[in-house]
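Throughout, a chain's letter reflects where its sequence line sits, starting with A, and its residues are numbered from 1.
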Protein chains: 2
Amino acid sequence: MKLTKRQRQTELKKSIIENPFVTDEELSAEFDVSVQTIRLDRMELSIPELRERIKHVAVKTFEDEVKSLPIDEVIGEIIDIELDEKAISIFDVKPEHVFQRNQIARGHHLFAQANSLAVAIMNEELALTVKSELQFLRPVKAGQRIVAKATVIDRQPEKNRAFVKVVSTVDQVTVFIGTFEMYRMTEQSEGEVG
Amino acid sequence: MKLTKRQRQTELKKSIIENPFVTDEELSAEFDVSVQTIRLDRMELSIPELRERIKHVAVKTFEDEVKSLPIDEVIGEIIDIELDEKAISIFDVKPEHVFQRNQIARGHHLFAQANSLAVAIMNEELALTVKSELQFLRPVKAGQRIVAKATVIDRQPEKNRAFVKVVSTVDQVTVFIGTFEMYRMTEQSEGEVG
DNA sequence: CTGATATTAGTACCAAGTGCTAATAGCGGG
DNA sequence: CCCGCTATTAGCACTTGGTACTAATATCAG
């Protein structure tokens, strides 16, 4: 005996999920039934035709790509700054900043907020990050607001260096700590850093 | 005057890149030419038909999904991966990634590439970064291609930890080194990390 | 005015379907 | 053994979004 209708439909579903690019004709060969039977099965299971399945997959990923573009100019909004001393910025975590699977913010957004704040605090035309140590203490989820507070903890003007500590909190709970060794870039030495 | 052939083809290319789901008929309306002209244009530009374009997008993401890791959420493009061992990704630095004043890439892009590669290499549903140490050795400019190589240097399965080292180079010159302490997220402990 | 290029029109054909009708197969109960 | 039911198969017209090809027309430049 070939397979009961029910069994075949179960397997059909699996097959299509596993490989959405399969045609009715290929499925008809796989299950040794007519193409019409496959089509009836798809109808009963509400499985769309090949082209619609492909399109669906494509639209999904296309939208994902559009979403994953961000990280543009300034990350977060600076709400207070005293150059060379301290600065505060806020960053609202939105759906596009988190892992889809568990809604936890991806690390580079926390880093980006902290790092751009460290850059901003430098009273300099431009500053570059040289070294950094980070601790991701607690996961941050979509909908939460991260408050990052940066403080200049050490200055070495002769070496064009400054050290900045950034503590990020959500509802007064520390979620991230980063220390940044910053290089003050003056106009005569644009090329190298290390 | 409508548009020259050349102008139209340039715009056509843009239109299709922006929205690969557009049909020849829609394009013919957009540019006020016949469907045949659109088809000739596509031929000259070697742009495949709608269904092939959609399929291409779908196949791309489907293959990514089959590898079943958050590869679709990686910054940069993964060109080689051996789960739990090593991985390589490339990231092309574009104008939107650099400081306008001196064309140097912002640090968080280098971090994002390295960190997401560290996440991808973990053979795990989801991994989170716990700690990280970074060195920005040389500035990277727009137009350059960063090659990041990640290696798992230590595993502590009992603690759900792994240590990943990422070295990023431009033209064989090391520009960035990062070490990441990663937390393997298993289904029973979803909540806390620190 | 002649040629070359660009554009449009029209036909036949294809893949992978939908939607519909109709025929047939297999089996179980009375 | 026939009735009724479900399952399966077959066939046809039609759809989308094209390809491949031929032929006619438009436009412009020398």
Side-chain angles (χ1 to χ4, degrees), chain A residues 1-69, chain B residues 1-68 71-72 77:
Chain A
M1 172 130 185
K2 291 207 285 195
L3 274 178
T4 68
K5 191 183 179 182
R6 198 144 304 217
Q7 288 174 318
R8 190 189 56 239
Q9 292 194 344
T10 313
E11 294 303 311
L12 188 74
K13 216 169 183 170
K14 274 198 245 172
S15 271
I16 293 177
I17 288 171
E18 196 188 308
N19 174 23
F21 302 91
V22 68
T23 62
D24 286 359
E25 197 152 340
E26 289 165 348
L27 289 164
S28 108
E30 182 181 337
F31 293 103
D32 195 23
V33 292
S34 71
V35 173
Q36 283 75 5
T37 302
I38 296 294
R39 289 182 181 158
L40 285 173
D41 284 349
R42 275 201 298 100
M43 287 199 190
E44 288 182 22
L45 300 169
S46 306
I47 297 172
E49 61 162 302
L50 169 67
R51 288 157 182 159
E52 290 305 312
R53 295 195 299 266
I54 290 180
K55 198 170 172 182
H56 189 77
V57 175
V59 167
K60 212 177 61 187
T61 55
F62 189 70
E63 284 173 351
D64 276 359
E65 271 176 26
V66 170
K67 234 200 301 187
S68 72
L69 280 176
Chain B
M1 174 133 183
K2 289 206 287 198
L3 274 178
T4 69
K5 192 184 179 180
R6 200 143 300 215
Q7 288 174 316
R8 187 187 58 238
Q9 291 192 346
T10 312
E11 294 304 311
L12 188 75
K13 217 169 184 172
K14 273 198 247 171
S15 270
I16 293 177
I17 287 171
E18 196 189 310
N19 174 24
F21 301 92
V22 67
T23 62
D24 287 358
E25 198 153 337
E26 289 165 348
L27 289 165
S28 108
E30 182 180 338
F31 293 103
D32 196 23
V33 292
S34 71
V35 173
Q36 281 76 4
T37 301
I38 296 294
R39 286 179 184 163
L40 285 173
D41 285 347
R42 274 201 298 100
M43 288 198 185
E44 289 181 22
L45 299 170
S46 307
I47 297 172
E49 61 161 300
L50 169 68
R51 285 158 183 157
E52 290 306 311
R53 296 196 299 267
I54 290 180
K55 200 171 172 180
H56 189 76
V57 175
V59 166
K60 213 177 61 187
T61 55
F62 187 71
E63 282 174 352
D64 284 354
E65 273 176 23
V66 166
K67 285 178 197 160
S68 96
I71 286 175
D72 53 333
E77 190 187 348

Query raised in the report: In whole angstroms, how far is the C1' atom of D:dG18 from the CG atom of A:L50?
Result: 15 Å

Query raised in the report: B:I38 has an atom CD1; how far is it from atom P of D:dT19, in whole Å?
Result: 12 Å

Requested in this report: Give a yes or no on whether the backbone of A:T4 and the side-chain of A:Q7 come within a donor-acceptor separation of less than 3.5 Å.
Outcome: yes

Query raised in the report: With respect to the phosphate group of D:dT8, does any side-chain polar atom (N or O) of A:R8 fall under 4.0 Å of OP1 or OP2?
Result: yes

Report summary line: Taken to the nearest whole Å, CD/B:E25 to P/D:dT15 is 14 Å

Query raised in the report: Is it true that A:E11 and A:K14 make a salt bridge, defined as a side-chain N closer than 4.0 Å to a carboxylate O?
Result: yes

Query raised in the report: Roughly, in whole Å, what's the span from NZ in A:K55 to P in D:dT16?
Result: 12 Å

Requested in this report: To the nearest Å, give me how far apart CD (B:E52) and P (D:dG18) are.
Outcome: 10 Å

Query - nucleotides 18-26 of chain C: protein proximity per nucleotide (B base, S sugar-phosphate only, - neither; heavy atom, under 4.0 Å) - result: B--------

Query raised in the report: Would you say the side-chain atoms of B:R53 pair up with the backbone N or O of B:V22, donor to acceptor, closer than 3.5 Å?
Result: yes

Requested in this report: Test A:L50 against every option in A:L27, A:D24, A:T23 by the side chain to side chain contact (heavy atoms under 4.5 Å, CB included) rule and name the one that passes.
Outcome: A:T23

Query - Side-chain-base donor-acceptor pair under 3.5 Å for B:R51 and D:dG18 - result: no

Report summary line: Smallest heavy-atom separation, A:S15 atom then A:E30 atom, equals OG-OE2, 2.9 Å

Requested in this report: Report yes if some heavy atom in the side chain of B:I54 is under 4.5 Å from a heavy atom in the side chain of A:H56; otherwise report no.
Outcome: no

Report task. Starting from P on D:dT19, measure out to CD on B:E44 and report it in whole angstrom. Result -> 14 Å

Query - Nucleotide D:dT8, atom P - distance to CG of A:D32 in whole Å - result: 12 Å

Report task. Please state how far atom NZ in A:K5 lies from atom C1' in C:dC27, giving the value in whole angstrom units. Result -> 15 Å

Requested in this report: Answer with base, sugar-phosphate or nothing: what part of the nucleic acid does B:V33 contact at a heavy-atom distance below 4.0 Å?
Outcome: sugar-phosphate

Requested in this report: Consider the side chain of A:T37, meaning its heavy atoms from C-beta on, and name the nucleotide among D:dG17, C:dA6, D:dT8 that approaches it most closely.
Outcome: D:dT8

Query raised in the report: Looking at B:K5 and B:E44, does any basic side-chain N land under 4.0 Å from a carboxylate oxygen?
Result: yes

